[in-house]
Amino acid sequence: MNHRDSRRSPPSLEPAQQRQLVDVQRRLLLRGSLSLGALAMLSGCNLQDGDSVDRVLWSMSRFNDRVQAWLFSGQRLAPTFAASELTEPFPFNAFYPQYNVPIVGASDYRLEVSGMVQERRPWTLDALRALPQRAQITRHICIEGWSAIGQWRGVPLGDFLKRIGADTSARYVGFQCADRYYTSIDMASALHPQTLLALETGRNLEALPDEYGFPLRLRIPTKLGFKSAKHVTAITVTNTYPGGYWEDQGYNWFSGV
Amino acid sequence: MNNPMSFPGYRRIHAGPVRMTHWLNAGCMLGMFMSGWGIYNASPLFGFTFSHSLTLGGWLGGNIAWHLAIMWVLVINGLGYITWGVLSRHFRHDLLPLSPRAVITDLRAALTFRLAHRLGHYNAVQKLLYLGVIALCVLVVLSGLAIWKPVQFHPLTALLGGFDTARYVHFFAMAGIGLFIAIHLVLVALVPRTLWPMISGRARSRQHEDDHHEPS
């Protein structure tokens with residue numbers, strides 16, 4: 001415990017010593033301005049080189065995952081909108097141009113299920129359509145900053161996980177897609193009532209068009225848009241971190257909104 | 001506030017916490033501006049983008065990683081400054097009171113180069129600028145939270161006019177802070193002897209310092 005008044009008394013300096021002190025302070029200022037130059041060089045740090053600054057950024061991103069998981073409420077619903085507020089046409093966005101959208105056949109489509117679940121049989125499209133469905137009009141928020149209001153209808157993921165006997169104490173739900181895309185979410189977000197395995201979209205709720213993820217996409221309004229994976233072909237429940245296409249390159253994993 | 005002088009012939013102008021938070025804030029702001037401009041470029045609100053050389057992080061994922069990492073340092077630093085400013089009565093003594101009449105008088109004097117700069121004492125225009133930029137910093141943080149968590153912090157986002165409007169609020173709060181920084185740097189260039197006290201905390205005592213007028 002340092003007592004405030006017990007600090008050493010100010011030294012009285014000779015003029016020459018004072019000048020020396022000023023010189024030292026000048027050097028510190030110079031060093032300060034050099035570190036501004038260093039900041040300019042940091043702009044090369046982009047999460048992709050694995051240097052020490054990148055490692056700090058990655059660990060801050062993991063810290064932000066934990067903060068967001070703590071902020072996330074399984075009960076709080078994303079705002080919903082009226083049909084008159086729909087964004088039409090809904091923007092197309094993918095990691096490839098529109099002419100590379102995969103065409104998935106409806107009849108031979110199967111949704112594979114794996115990991116910590118009791119029933120591992122694959123699901124046909126008709127079997128998925130036969131499950132109780134729910135619709136929502138919510139805002140899709142892209143990590144780029146734009147947003148659009150869309151309508152989706154499908155099977156609540158939480159209901160589906162319970163139906164296949166998933167261990168809901170597992171940490172992750174991972175998704176694999178027909179376009180080599182993959183992503184994963186935390187179990188709390190997977191069980192959120194607005195998280196859907198969407199089969200239909202648009203004002204009239206028609207089957208997903210190819211560019212919006214036919215035949216099945218994830219729709220999760222409590223996360224940024226890149227988490228709503230399109231053309232989902234496999235779901236896995238796991239405690240092993242599955243990562244994601246963008247997440248492995250540096251997008252924040254939790255990406256809650 | 002004015003501690004006994006540590007050095008003969010020098011007097012204390014800025015307290016240690018002010019200087020420390022000021023320079024940490026300056027570095028954080030630079031990083032937030034540059035990474036934020038990179039994020040802006042991914043989906044511009046207006047018909048322009050920022051030069052890639054002015055951005056931090058290389059690509060959108062890097063921009064966001066920088067922005068949300070520096071965010072913590074900025075907010076902790078800002079909360080520290082505000083807590084200290086209230087507890088030490090720095091705000092009450094140095095930034096208040098502020099009357100419209102005093103602002104008009106001092107602004108008129110400043111624009112005709114007749115306003116004295118007294119080290120360690122803020123005139124009404126300075127008080128207005130400093131209080132204004134503190135308010136803008138609060139607004140930039142609130143609008144930032146509103147677009148970071150529009151579902152979890154929905155009441156805040158709704159208060160700012162919804163997600164899309166909150167993006168504009170965040171942009172204009174940034175632009176306002178940028179304007180403050182530009183004025184701030186011009187004024188430091190005009191009165192360079194204000195720079196050293198913000199680094200060392202002290203300035204050479206002069207006889208009749210308070211009556212000294214800047215050459216116009």
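So that the names make sense, note that chain A is the first sequence line, chain B the second, and so on, each numbered from 1.
- Contact between I141(A) and P150(B) at its shortest, heavy atoms only, is CD1-CG, 3.4 Å.
- For the residue pair A69(B) and L57(A), the shortest heavy atom distance occurs at CB-CD2, 4.1 Å.
- The environment of CZ in R62(A) is crowded: more than 12 heavy-atom neighbours from other residues, nucleotides or ligands sit within 6.0 Å.
- With a 4.5 angstrom heavy-atom cutoff, I64(B) touches chain A only via side-chain atoms.
- Heavy-atom distances place no part of N252(A) under 4.5 Å from chain B, backbone and side chain included.
- Contact of V67(A) with chain B is made through the side chain alone, with heavy-atom distances under 4.5 Å.
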Item checked: Stepwise side chain to side chain contact (heavy atoms under 4.5 Å, CB included) check, W72(B) with N64(A) -> CA-CA 10 Å; W72(B) 293 104; N64(A) 282 331; 2.6 Å; yes
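- Heavy-atom distances place no part of S61(A) under 4.5 Å from chain B, backbone and side chain included.
- Proximity to chain B involves both the backbone and the side chain of I143(A), based on heavy atoms less than 4.5 angstrom apart.
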Check: Could you walk me through whether L60(B) and E144(A) pass the side chain to side chain contact (heavy atoms under 4.5 Å, CB included) check?
Finding: CA-CA 8 Å; L60(B) 180 59; E144(A) 293 169 353; 3.9 Å; yes
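- What you find for V151(B) and P79(A) is that their closest heavy atoms are CG2-CD, 4.3 Å.
- Of the possible polar contacts, one joining the Q152(B) side chain to the S73(A) backbone as a donor-acceptor pair under 3.5 Å is found.
- The environment of R171(A) atom CZ is sparse: at most 12 non-hydrogen atoms of other residues, nucleotides or ligands sit within 6.0 angstrom.
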Next item on the list: Please step through side chain to side chain contact (heavy atoms under 4.5 Å, CB included) for the pair Q68(A) and K149(B), ending with a clear verdict.
Entry: CA-CA 9 Å; Q68(A) 293 177 89; K149(B) 291 277 164 273; 2.9 Å; yes
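- Of residues 155-184 of chain B, those residues with a non-hydrogen atom less than 4.5 Å from any non-hydrogen atom of chain A are, in numerical order, F163(B), D164(B), R167(B).
- Contacts between Y40(B) and chain A at a heavy-atom distance below 4.5 Å are absent for every atom of the residue.
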Next item on the list: Tell me, with the steps shown, if W66(B) and V53(A) meet side chain to side chain contact (heavy atoms under 4.5 Å, CB included).
Entry: CA-CA 10 Å; W66(B) 274 105; V53(A) 179; 3.7 Å; yes
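- Within 6.0 Å of NE2 on H52(B) lie no more than 12 heavy atoms contributed by other residues, nucleotides or ligands.
- Interface remark: F72(A) contributes backbone and side-chain atoms alike to the contact with chain B (heavy atom separation under 4.5 Å).
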